[in-house]
Amino acid sequence: MNVSADLRQLPSVDRILNAPAVQALMPFYGRRLVVAAIRRTLDAIRDEVRAGSESPTPEEVVARVTAYLQEHLAPTLKPVINATGVIIHTNLGRAPLSAAARAAMEAVARGYSNLEYDLPTGRRGHRTVHVEQLLCELTGAEAALVVNNNAGAVLLALTVMAQGRGVLISRGQLIEIGGGFRIPEVMAQSGARLVEVGTTNRTHRRDYERALAEGADIALILHAHSSNFRIVGFTAEVGLPELVEIGRTYGVPVMADLGSGALLDTVAFGLAREPMVQESVAAGAAVVCFSGDKLLGGPQAGIIVGRAEFVDPMKRHPLARALRADKLCLAALQATIMHYLRDEATEQIPIWRMIAAPVEELDRRARRWRRALRRAGIRADVVDGRSTVGGGSLPEETLPTRLLALSIPAPDRVAAALRRHDPPVVARIEADRLVLDPRTVLPEEEPALLRALMEVLG
Ligand SMILES: *Cc1c(COP(=O)(O)O)cnc(C)c1O
């Protein structure tokens, strides 16, 4: 058959559209995307036929349309089961939210709210008031402000406190964290002038004092927590309380960028000490900023707490408008903070429940998974392993866990198949075995996880 006859033989858009398999896609994708997929698939087939390929059967066209929709026009953001054991997994959306935080988001999402409305007076209100008092109560600070994320919080604070002036920072704290956030670059964006003191591994009190005594118009001393790395060996840094003391002598405020912003003592969970927000406020930092979705365990947010004389001007700065938090974030943050104020953080906040999970409980869960797989004829072991906190918090620190381990040929291919599964499962490969850590798998995800394993391995 010649090419033009082959082209004429191709089914029409309508014919493909009416195929039952394509009609079944309609409720989810809607007519517009389905028709677009059919047109693009037929266009591609026409090009192939002109280039000498045989024209496909209508069934083959339908299969290609379905594949096209799934590959190119499906919504891409979706829930994933995290079996990696990395608790605050930045690539997997950092902190899962508590039931109360999710309910609070749903409640303000469903209808209207008093986001910027003062109910007693019926006048315009401010969106920041909703969490400010709770944050002050929780951290002991005088004032608080919530913005879109901590990178924004640092940018805003530097802009307001130090634009056109100098900011002192130790060379050991010129950090880069994930996603291209680098202290020197944020500093440049804010219009502040970076004044480096000390060396990469050792910075002393006298380094700060010398720079301050030289009097080069220093507006601020910045203390940045080296969240995601550790320097070991011959090292020295000046702690926050001492920096505050130095600052006081020269009349210069100190800002602490804590990154994670722990509100619970990580030592109580067998981890290294992570600086706590309350401590930093008590140590006399003028401003303390931290993330909402790292060790706080809430929504993506940047939280600034500190003295009113510094925080209040930030609220009025135009950049605060550009960085403002939305109502869903504020609702979830408020509910998350209440968990701390009710002393129920380790029971209610998912990341703290994961951090606090005893190894016996993880062992029981891993064994339960192993039994379920064995009933399906799949062999697995339960072995010792380590979970990590992640999210640029507590580098090198691990928690003992129990892993489900599958000794299978080509574990990387199975891991890839699990990632393609719906819902996707992200596992780890360790010593040529595929391992899954129950610590980061939510209990309600277990049935789906086991189904995925059985489908991929069965
Ligand atoms: C994570 C982190 C940030 C950025 O916080 P985001 O909420 O991710 O924007 C800033 N500074 C430090 C020290 C951090 O660890």
Side-chain angles (χ1 to χ4, degrees), residues 86-97 131 135 144-159 161-162 167 169-190 192 194 220-231 237 239-240 243 254-263 266 271-277 279-280 285 287-306 314 319-320 322-326 328-330 332-333 336-337 351 388-397:
V86 181
I87 298 170
I88 305 171
H89 199 305
T90 298
N91 303 139
L92 301 183
R94 287 198 184 155
L97 297 178
V131 275
L135 278 168
L145 172 62
V146 179
V147 293
N148 181 55
N149 59 16
N150 190 36
V154 175
L155 176 64
L156 177 63
L158 288 174
T159 305
M161 296 178 80
V167 176
I169 182 167
S170 161
R171 287 198 167 89
Q173 295 172 16
L174 292 173
I175 54 170
E176 168 178 323
I177 57 140
F181 176 95
R182 298 170 135 196
I183 291 279
E185 287 167 15
V186 176
M187 193 89 79
Q189 274 301 317
S190 74
L194 177 67
L220 186 70
I221 301 172
L222 176 58
H223 188 271
H225 179 47
S226 56
S227 320
N228 52 1
F229 69 99
R230 220 156 55 187
I231 324 184
E237 276 285 6
L240 187 62
L243 273 187
V254 177
M255 164 171 156
D257 173 14
L258 295 183
S260 253
L263 290 153
T266 46
L271 294 163
R273 229 192 121 274
E274 176 76 10
M276 288 166 73
V277 179
E279 270 172 11
S280 306
V287 172
V288 179
C289 55
F290 53 100
S291 282
D293 54 353
K294 291 184 182 171
L295 281 175
L296 184 88
Q300 178 188 306
I303 299 165
I304 305 171
V305 298
M314 294 180 201
L319 199 50
L323 295 171
R324 77 181 182 188
D326 80 301
L328 301 180
C329 160
L330 292 172
L333 188 58
T336 307
I337 291 167
I351 63 137
T388 56
V389 175
S393 318
L394 299 161
E396 314 275 298
E397 287 290 309

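Positions are given from 1 along the sequence. All ligand and atom numbering here is 1-based and tracks the order in the structure.
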Carboxylate-amine/guanidinium proximity below 4.0 Å for R273 and E397 = no

Under the side-chain contact (heavy atoms from CB on, under 4.5 Å) rule, what do F290 and I304 come out as? Steps first, then yes or no, please.
-> CA-CA 7 Å; F290 53 100; I304 305 171; over 6 Å; no

Is the number of heavy atoms from other residues, nucleotides or ligands under 6.0 Å of Q189 CD greater than 12?
-> no

Protein residue, atom and distance nearest to atom 15 (O) of ligand 1, heavy-atom basis | S227 OG, 2.6 Å

Ranking R182, E176, Q173, K294 by closest non-hydrogen atom to atom 2 (C) of ligand 1, top hit is K294

For the pair Q173 (side chain) and A224 (backbone), establish whether a donor and an acceptor sit closer than 3.5 Å, ignoring hydrogens and angles.
-> yes

With V131 as reference, evaluate T336, L145, I303, L330 under the side chain to side chain contact (heavy atoms under 4.5 Å, CB included) test and give the passing residue.
-> L330

Is there a heavy atom in V154 that sits closer than 4.0 Å to ligand 1?
-> no

Counting from 1, what ligand 1 atoms have a heavy atom of R94 closer than 4.0 Å?
-> 6 (P), 7 (O), 8 (O)

Got the closest protein heavy atom to atom 9 (O) of ligand 1, with its distance?
-> A151 N, 2.8 Å

Which atoms from ligand 1 have a heavy atom of H225 less than 4.0 Å away?
-> 13 (C)

Within the structure, does I175 bring an N/O atom to less than 3.5 angstrom of an N/O atom in ligand 1?
-> no

Of T90, L296, N150, which has the heavy atom at the shortest distance from atom 10 (C) of ligand 1?
-> N150

Cut-off 3.5 Å, side chains only: do E237 and S170 have a donor facing an acceptor?
-> yes

For the side chain of T266 and the backbone of E274, is there at least one donor-acceptor N/O pair under 3.5 Å apart?
-> yes

Could you check atom 7 (O) of ligand 1 against the protein and tell me its nearest heavy-atom contact, residue, atom and distance included?
-> S291 OG, 2.5 Å

Can you pull out the closest protein heavy atom to atom 11 (N) of ligand 1? Residue, atom name and distance to 0.1 Å, please.
-> D257 OD2, 2.7 Å

I would like to know whether L135 and V146 meet side-chain contact (heavy atoms from CB on, under 4.5 Å); could you show each step before the answer?
-> CA-CA 10 Å; L135 278 168; V146 179; 3.8 Å; yes

Looking only at protein heavy atoms, identify the closest one to atom 4 (C) of ligand 1 and say how far it is in Å.
-> I177 CD1, 3.3 Å

